[in-house]
Asks: 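My questions all concern the structure below.
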Amino acid sequence: MHLEKKDMEKKFVDELRWRGMIQDIMPGTEELLNKQMVAGYIGFDPTADSLGIGNMVPVMLLLHFQQAGHKPIALVGGATGMVGDPSGKSAERNLLDEATLNHNVACQKKQLEKFLDFNCGPNSAEIVNNYDWFKGFSFLEFIRDVGKHISINYMMAKDSVKNRMENGMSFTEFSYQLVQGYDFYHLWKNKNIQLQMGGSDQWGNIVTGTELIRRKSGGEAFALTTPLIKKADGTKFGKTESGNIWLDKAKTSPYKFYQFWLNASDEDTKTYIRIFTLFTKEEIESLETAHAAAPHLRTLQKALAKDITIRVHSEADFNAAVEASEILFGKGTAEGLQKLSEEDFLSVFEGVEQFAVSGQEVEAGINIVELITEKTKIFPSKGEARKMIQGGGVSVNKTKVENAEMSVNAEQLINNKYMLVQKGKKNYYVIKVG
RNA sequence: GGGGAGAUACCAGAGUGGCCAAAUGGGACAGACUGUAAAUCUGUUGUUUCGACUUCGAAGGUUCGAAUCCUUCUCUCCCCA
């Protein structure tokens with residue numbers, strides 16, 4: 001099987017190189033990719049029922065891969081997810097039960113379908129699930145056919161294993177690299193997939209695959225990894241105070257999603273815009289020039305946030321997020337807020353966390369601390385709420401709460417129904433009274 | 001099977017009879033400054049009706065008084081065979 005590569009104008013490796021998306025690449029990989037159409041895959045770990053933005057890196061990788069005329073395959077790890085990847089983990093993982101796993105695989109599959117083209121001729125994308133070839137594979141068969149080819153010494157030399165020798169690691173996790181390695185072998189043998197990609201933490205696992213292919217069949221396969229994204233301040237990418245940033249709107253509203261990108265630091269944005277958007281090199285450089293000339297306009301962050309919000313969600317979601325942001329962070333004042341119509345108010349705060357409180361409770365006036373702790377879950381304890389108020393960190397309807405004894409009543413409601421509570425500068429909560 | 005080490009707040013990690021709601025560092029949150037950025041500085045980080053109350057793996061015990069001493073239990077790690 002040897003297919004003609006259909007679109008040669010964009011060279012995959014060159015493209016990744018200037019975007020800073022290459023950590024390691026196996027010798028010969030680039031030559032192969034420039035010569036012919038190649039099928040390549042990336043594995044996704046079904047630990048949650050939605051992909052997070054961290055997973056957007058491999059998604060973008062597959063997208064570039066397809067745009068360069070190659071055939072992208074996304075592998076969802078129905079089988080590997082049952083074992084647990086030790087890479088990058090310092091402790092033994094908890095295993096998910098089968099039902100959860102199936103659910104997660106199905107959800108991730110649906111999300112992946114949004115980004116790749118599954119109907120464009122020979123290089124159409126595909127999704128495979130490694131559970132399909134592992135479900136009928138018995139333990140004895142596996143250790144005879146696969147385990148026999150790879151030595152323990154080889155497996156133990158891997159960083160993912162070495163790092164865990166101190167704290168211990170189960171046989172299950174130890175065998176993970178073999179299971180993943182076999183995926184590569186299986187795909188290489190049955191689907192002519194010659195390349196596996198992934199994050200740099202996957203290098204060891206990927207190489208076990210190419211090694212297995214070489215020893216078992218004398219075949220050749222290739223590998224390419226991306227650097228792990230780190231924020232300039234060294235903290236983990238893709239997380240905020242309130243947790244992971246997910247692609248699923250039900251888990252992370254488009255508003256929050258948009259805000260996440262908008263809030264990225266200048267330094268990080270330069271990295272992100274190369275990785276997460278499809279802007280060309282020239283476009284990015286001109287955006288950077290514009291940004292440097294007037295940093296307070298945050299040209300880069302806006303371009304990044306817009307592009308990715310539209311691609312992950314939709315244009316309408318993006319517009320709503322911008323509108324909400326304008327009102328919350330623009331010249332929005334207490335008066336401006338009062339003037340909002342009910343529909344506008346609701347659409348603006350669609351993605352903001354909401355709480356309901358009954359009418360009578362507010363009618364006569366209610367203490368602010370009680371309102372934000374007991375009636376709603378904005379603060380976990382009264383002590384904390386008081387301290388925050390004393391530190392000037394709480395506002396109601398854009399007006400700072402001066403002391404903890406203050407009470408609020410029906411007169412302060414917006415449209416006689418809503419109240420906007422702010423914890424710090426960026427965390428908004430809507431209280432609906434009625 | 002034998003020997004050893006250990007379990008303290010979100011994490012790391014001091015504390016080995018009262019001065020301990022528990023050092024220090026990190027993280028997190030907030031304030032100031034800004035550009036909804038970064039850096040910096042400051043504050044907070046068990047609950048509370050501010051009188052207290054419940055915390056140091058679990059349960060008991062000794063004591064006027066326990067994270068600290070004793071007993072049992074649970075769990076974790078390391079080394080040897």
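Lettering follows sequence order; numbering is per chain, from 1.
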Asks: Provide, to the nearest angstrom, the distance between the CD atom belonging to A:Gln390 and the C1' atom belonging to B:U42.
Replies: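 From A:Gln390 CD to B:U42 C1': 15 Å.
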
Asks: When the side chains of residues 135-147 of chain A are checked against the rest of the protein, which donor-acceptor pairs come out under 3.5 Å, sequence neighbours left out?
Replies:
unit_1, atom_1, unit_2, atom_2, d
A:Ser138, OG, A:Glu141, N, 3.1
A:Ser138, OG, A:Glu141, OE2, 3.2
A:Glu141, OE2, A:Ser138, N, 3.3

Asks: Is A:Arg311 close enough and on-axis enough to A:Phe276, meaning under 6.0 Å and within 45°, for cation-pi?
Replies: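 So A:Arg311 doesn't make the cation-pi contact.
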
Asks: Scan every strand shown for a Watson-Crick or G-U wobble partner of B:C75, both distances under 3.5 Å, and answer none if you come up empty.
Replies: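 Paired with B:G6.
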
Asks: What integer distance in Å separates A:Glu384:CD from B:G43:C1'?
Replies: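 Result: 14 Å.
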
Asks: On a whole-Å scale, what distance lies between the C1' atoms belonging to B:A21 and B:G2?
Replies: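 It comes out at 42 Å once rounded to the nearest Å.
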
Asks: Considering only atom P, compute the distance from B:A81 to B:U76 and round it to an integer number of Å.
Replies: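 One P to the other, the span is 23 Å.
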
Asks: With a sphere of 6.0 Å drawn around NZ of A:Lys148, does it hold more than 12 non-hydrogen atoms of other residues, nucleotides or ligands?
Replies: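 No - once you tally the heavy atoms of other residues, nucleotides and ligands closer than 6.0 Å, there are 12 at most.
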
Asks: When rounded to the nearest Å, what value does the distance between P atoms of B:G18 and B:C11 take?
Replies: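 The same atom, P, in both gives a distance of 26 Å.
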
Asks: Could you tell me how far B:G13 sits from B:G27 if I compare only their C1' atoms? Round to whole Å.
Replies: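 The same atom, C1', in both gives a distance of 14 Å.
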
Asks: Using whole Å, report how far CZ of A:Phe257 lies from P of B:U36.
Replies: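 From A:Phe257 CZ to B:U36 P: 21 Å.
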
Asks: Just to verify, what does A:Gln301 make a side-chain hydrogen bond (donor to acceptor under 3.5 Å, both in side chains) with, not counting sequence neighbours?
Replies: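 By the side-chain hydrogen bond (donor to acceptor under 3.5 Å, both in side chains) rule, A:Gln301 matches A:Asp266.
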
Asks: Return each pair, listed once, that meets side chain to side chain donor-acceptor pair (under 3.5 Å) where at least one residue sits in residues 353-364 of chain A; pairs must be two or more places apart or across chains.
Replies: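 Side chain to side chain donor-acceptor pair (under 3.5 Å) check on residues 353-364 of chain A returns A:Ser358-A:Glu361, A:Glu361-A:Lys375.
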
Asks: Return the value, rounded to whole Å, for the distance between atom CD of A:Glu267 and atom C1' of B:A37.
Replies: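 To the nearest whole Å, that distance equals 11 Å.
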
Asks: Distance check, C1' atoms only: B:A9 and B:U54, in whole angstrom units.
Replies: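 The same atom, C1', in both gives a distance of 13 Å.
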
Asks: Please give the distance between the C1' atoms of B:A52 and B:G43 as a whole number of Å.
Replies: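 To the nearest whole Å, 25 Å.
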
Asks: B:U36 pairs with which nucleotide, Watson-Crick or G-U wobble, both distances below 3.5 Å?
Replies: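 Pairing partner, where one exists within any strand: none, as none qualifies.
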
Asks: Just name whichever nucleotide pairs with B:G43, Watson-Crick or G-U, keeping both distances under 3.5 Å, else none.
Replies: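 Looking at the geometry, B:G43 pairs with B:C29.
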
Asks: Just N and O in the side chain of A:Lys387: are any of them under 4.0 Å from OP1 or OP2 of B:U45?
Replies: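 For A:Lys387, the contact criterion (side-chain N or O under 4.0 Å from OP1 or OP2 of B:U45) is met.
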
Asks: Show the distances under 3.5 angstrom between N or O atoms of the protein and N or O atoms of nucleotides 32-35 of chain B.
Replies:
unit_1, atom_1, unit_2, atom_2, d
B:U34, O4, A:Lys425, NZ, 2.6
B:G35, O6, A:Asp266, OD2, 3.3
B:G35, N1, A:Asp266, OD1, 3.2
B:G35, N1, A:Asp266, OD2, 2.9
B:G35, N2, A:Asp266, OD1, 2.7
B:G35, N2, A:Gln301, NE2, 3.4

Asks: Record whether the side chain of A:Gln259 comes under 3.5 Å of the base of B:U36 through a donor-acceptor pair of N or O atoms.
Replies: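 Side chain to base: pair present.
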
Asks: Can you tell me, in whole Å, how much space there is between the C1' of B:U45 and that of B:A39?
Replies: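 Here B:U45 and B:A39 have their C1' atoms 23 Å from each other.
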
Asks: Residues two or more places apart in sequence or in another chain: which of them pass side chain to side chain contact (heavy atoms under 4.5 Å, CB included) with A:Ser407?
Replies: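 A:Ser407 satisfies side chain to side chain contact (heavy atoms under 4.5 Å, CB included) with no other residue.
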
Asks: Taking only the C1' atom of each, what is the distance from B:U55 to B:A22 in whole angstrom?
Replies: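 Result for the C1' pair: 10 Å, nearest Å.
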
Asks: Would you mind telling me which of B:U47, B:A37, B:C50 lies closest to the side-chain atoms of A:Asn263?
Replies: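 So the nucleotide nearest the side chain must be B:A37.
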
Asks: Mind calculating the distance between CG (A:Asp268) and P (B:U36) to the nearest angstrom?
Replies: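 Whole-Å distance recorded here is 18 Å.
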
Asks: Taking the ring centre of each residue, are A:Phe257 and A:His313 less than 6.0 Å apart?
Replies: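 For A:Phe257 and A:His313, the ring centres are under 6.0 Å apart.
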
Asks: Does a side-chain N or O from A:Lys426 land closer than 4.0 Å to OP1 or OP2 of B:A37, or not?
Replies: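 The answer is yes; a side-chain N or O of A:Lys426 sits under 4.0 Å from OP1 or OP2.
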
Asks: Does A:Thr269 reach a base, just sugar-phosphate, or nothing at all? Heavy atoms under 4.0 Å.
Replies: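 Counting heavy atoms under 4.0 Å across all strands, no contact is made by A:Thr269.
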
Asks: Which atom pairs, one a donor and one an acceptor, fall under 3.5 Å between side chains of residues 49-56 of chain A and the rest of the protein, sequence neighbours left out?
Replies:
unit_1, atom_1, unit_2, atom_2, d
A:Asp49, OD1, A:Lys251, NZ, 2.8
A:Ser50, OG, A:Gln111, NE2, 3.0
A:Ser50, OG, A:Asp248, N, 3.3

